[in-house]
Amino acid sequence: LDLYERAQAATTGEQRRTLLDMFAQSTDNWTRSAIAAAATGSAAAFVTDSLAYARPEALTDLVSAILPGALPADAGRVLTAAARAPGQGNPLKPVIVRAVAQMNGSLSMDAATTDAVRTLLENPATTAATLPIVARWDTAGTLKPDAQQRAAGLLRELNDSGTADDRRAEIGASLLAMPAQRAAGLSAIEGMLAPPQSSEALKTRLLSTLGNNAGADTDGAMISALARTGSIPIFDQLTKRPESATALLAAMKAGRITP
């Protein structure tokens, strides 16, 4: 309780850094949970200080836990902090960008936020995570040329069999969020669901991505892959959504899928 109250009362950078040190060094779940619970009330400040911490990787769990407390109200603030933080490979940057991309609510793309998103778009470590932000909130199209250029590069990376599975899964999800790139990304994903050289872990991730980006087009891609492979996981994914199950039944009646 004392630690929780101390964390709640932290109003200066020095006080927050002391708590960040405690979190990074602690292996006790109660201690870490108390700090995280109290830090949620000043989430944006703690996230900003975490980005400048000497070992940001030690604060990934903390930042992931408290970020919802900063969103959507302080989304622009944490994006700007992420863009300005030193080190392109800072592991907290993609954590922050993904959280903003997936949040409920709105994001004001004012000049400062637009500049931050542009910087994050240009950073290879955060490009894929940033594209959905552009797709959702850059209604003026300010970043559209940059986004299209970056998306084209990601599509080539997605189609490269030498790209790591985790990276391919992340890129696939990013491209599906971009209306202009959705068809090309979906075609690439469909192609990866069938070949035996695609790992089962990758196929599972990609099916989850399709499920999270549901639509008639994703149903069609899964049905086409199912017709070629007879994959049980694909069949199972199609039965999880009424509209997908209806499309599957229609394909079976048409003789495209054999039970």
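Between Asn213 and Thr209, the shortest heavy-atom distance links the atoms ND2-O, 2.8 Å. Minimum interatomic distance between Ala147 and Val134 (heavy atoms only, all atoms of both residues): CB-CG1, 3.9 Å. Contact between Pro132 and Ala128 at its shortest, heavy atoms only, is CD-O, 3.3 Å. Smallest separation of non-hydrogen atoms from Gly185 and Leu176: C-CD2, 4.4 Å.
Remark: side-chain polar atoms of Ser208 are not paired, donor with acceptor, to backbone N or O of Thr204 under 3.5 angstrom. A donor-acceptor distance shorter than 3.5 angstrom exists from the side chain of Thr114 to the backbone of Met109, with no hydrogens or angles considered. For Ser42 (side chain) and Ala45 (main-chain N/O), no donor-acceptor pair under 3.5 Å exists by modelled atom type. In this structure, the side chain of Arg16 engages the main chain of Thr11 through a donor-acceptor pair within 3.5 Å. For the pair Thr60 (side chain) and Glu57 (backbone), a donor-acceptor distance under 3.5 Å is present. Ser64 places no side-chain N or O within donor-acceptor distance of the main-chain N or O of Asp61, the cut-off being under 3.5 Å. Using modelled atom types, one side-chain atom of Arg136 and one backbone atom of Ala101 make a donor-acceptor pair closer than 3.5 Å. Looking only at distances, a side-chain donor or acceptor of Asn123 sits under 3.5 Å from a matching main-chain atom of Gln88. Between the side chain of Ser198 and the backbone N or O of Met192, at least one donor-acceptor pair lies under 3.5 Å. Proximity of a side-chain donor or acceptor of Asn90 to a complementary backbone N or O of Leu51 within less than 3.5 Å is detected.
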Throw together a table of side-chain donor-acceptor distances under 3.5 angstrom for residues 250-259, partners on residues two or more places apart or in other chains.
from   : atom 1 : to     : atom 2 : distance (Å)
Arg256 : NH2    : Ser224 : OG     : 3.3

Can you give me every donor-acceptor pair (side chain of residues 66-87, partner residue at least two apart or in another chain, under 3.5 Å) with its distance?
from  : atom 1 : to    : atom 2 : distance (Å)
Thr80 : OG1    : Gly76 : O      : 2.9

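Using a 4.0 Å cut-off between a side-chain N of Lys or Arg and a carboxylate O of Asp or Glu, Glu14 and Arg17 do not qualify as a salt bridge. Between Asp165 and Arg168, no side-chain nitrogen of the basic residue sits less than 4.0 Å from a carboxylate oxygen of the acidic one, so the salt-bridge criterion is not met. Ionic pairing of Asp166 and Arg205 is present here: one or more N-O contacts between side-chain nitrogen and carboxylate oxygen are shorter than 4.0 angstrom.
The number of heavy-atom neighbours closer than 6.0 Å to CG of Asp110, taken from other residues, nucleotides and ligands shown, is above 12.
To the nearest 0.5 Å, atoms CG (Leu207) and CG (Leu238) are separated by 8.5 Å. The CZ atom of Arg241 sits 11.0 Å away from the CG atom of Leu210 when rounded to the nearest 0.5 Å.
For the pair Glu190 and Arg228, the minimum side-chain heavy-atom distance is below 4.5 Å.
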